[in-house]
Amino acid sequence: QVQLVESGGNLVQPGGSLRLSCVASGLTLEYYAIGWFRQAPGKEREGVSCISRGDSSTSYADAVKGRFTISKDNVKNTVYLQMNSLKPEDTGVYYCAAADWLLFRQCVASDFASWGQGTQVTVSS
């Protein structure tokens with residue numbers, strides 16, 4: 001059974017930084033594409049960043065490009081999202097998700113089958 005557990009969410013001031021972690025069990029990261037998504041109340045869940053297997057190519061939403069960095073540690077079976085220069089618009093529940101790399105097509109929620117419970121990120125002064 002695939003299980004993903006996010007942590008690291010917090011209340012931070014604009015311009016601050018957070019590092020989110022997602023510990024995966026029931027799967028081996030080498031065989032999955034990993035994505036970070038976020039959702040604010042009343043809004044659709046949106047892709048933030050994804051990382052593929054093999055060459056570990058990454059993609060980022062335009063809104064976070066240059067500020068966020070996705071990475072993974074296959075030994076620890078953990079994926080990270082380093083978030084810098086945070087803005088109030090970054091506020092939301094952040095979810096880690098996994099997709100079989102053979103079936104992975106794009107960094108959108110519908111392509112991911114396994115999800116964590118989410119961790120709250122609030123950026124406010």
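Just so we're clear, the structure is a prediction, and the values are computed from it rather than from any experiment.
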Pairwise side-chain contact, [X] with [Y], heavy-atom cut-off 4.5 Å (strictly under):
{"X": "W101", "Y": "Y32", "value": "no"}
{"X": "L18", "Y": "V121", "value": "yes"}
{"X": "V23", "Y": "N77", "value": "no"}
{"X": "S49", "Y": "C107", "value": "no"}
{"X": "S25", "Y": "Q3", "value": "yes"}
{"X": "S71", "Y": "I51", "value": "no"}

Quick one: does [X]'s side chain have a donor or acceptor within less than 3.5 Å of a partner on [Y]'s backbone?
{"X": "D111", "Y": "F104", "value": "no"}
{"X": "E6", "Y": "Q117", "value": "yes"}
{"X": "T78", "Y": "K76", "value": "yes"}
{"X": "R67", "Y": "S85", "value": "yes"}

Separation between CE (M83) and OH (Y94), nearest 0.5 Å, reads 5.5 Å
Does anything in residues 11-22 form a side-chain hydrogen bond (donor to acceptor under 3.5 Å, both in side chains)? List the pairs, not counting sequence neighbours. S17-N84
Working note: L11 + S124, criterion side chain to side chain contact (heavy atoms under 4.5 Å, CB included); need CA distance, chi angles, decisive distance, verdict. CA-CA 7 Å; L11 169 65; S124 176; 4.3 Å; yes
K65/D62 ion pair, N-O < 4.0 Å: yes
Locate the shortest heavy-atom distance separating [X] from [Y]; write the atom from each residue and the value.
{"X": "A98", "Y": "L4", "value": "N-CD1, 3.8 Å"}
{"X": "G9", "Y": "L20", "value": "N-CD2, 3.6 Å"}
{"X": "T119", "Y": "G8", "value": "OG1-N, 4.1 Å"}

Taking the six-membered ring of Y95, is NZ or CZ of R38 closer than 6.0 Å to its centre and within 45° of its axis? no
Tell me whether the centres of the aromatic rings in F112 and F37 are closer together than 6.0 Å. yes
Does the separation of the ring centres of F68 and W36 fall below 6.0 angstrom? no
Does either side chain, that of Q120 or that of T122, offer a donor lying less than 3.5 Å from an acceptor on the other one? yes
Evaluate the criterion side chain to side chain contact (heavy atoms under 4.5 Å, CB included) for residue pair I70 and V79; output intermediate values, then yes/no. CA-CA 7 Å; I70 189 172; V79 63; 4.1 Å; yes
Are V75 and Y80 connected in a single hydrophobic cluster, I mean Ile/Leu/Val/Met/Phe/Trp/Tyr linked by side-chain heavy atoms less than 4.5 Å apart? no
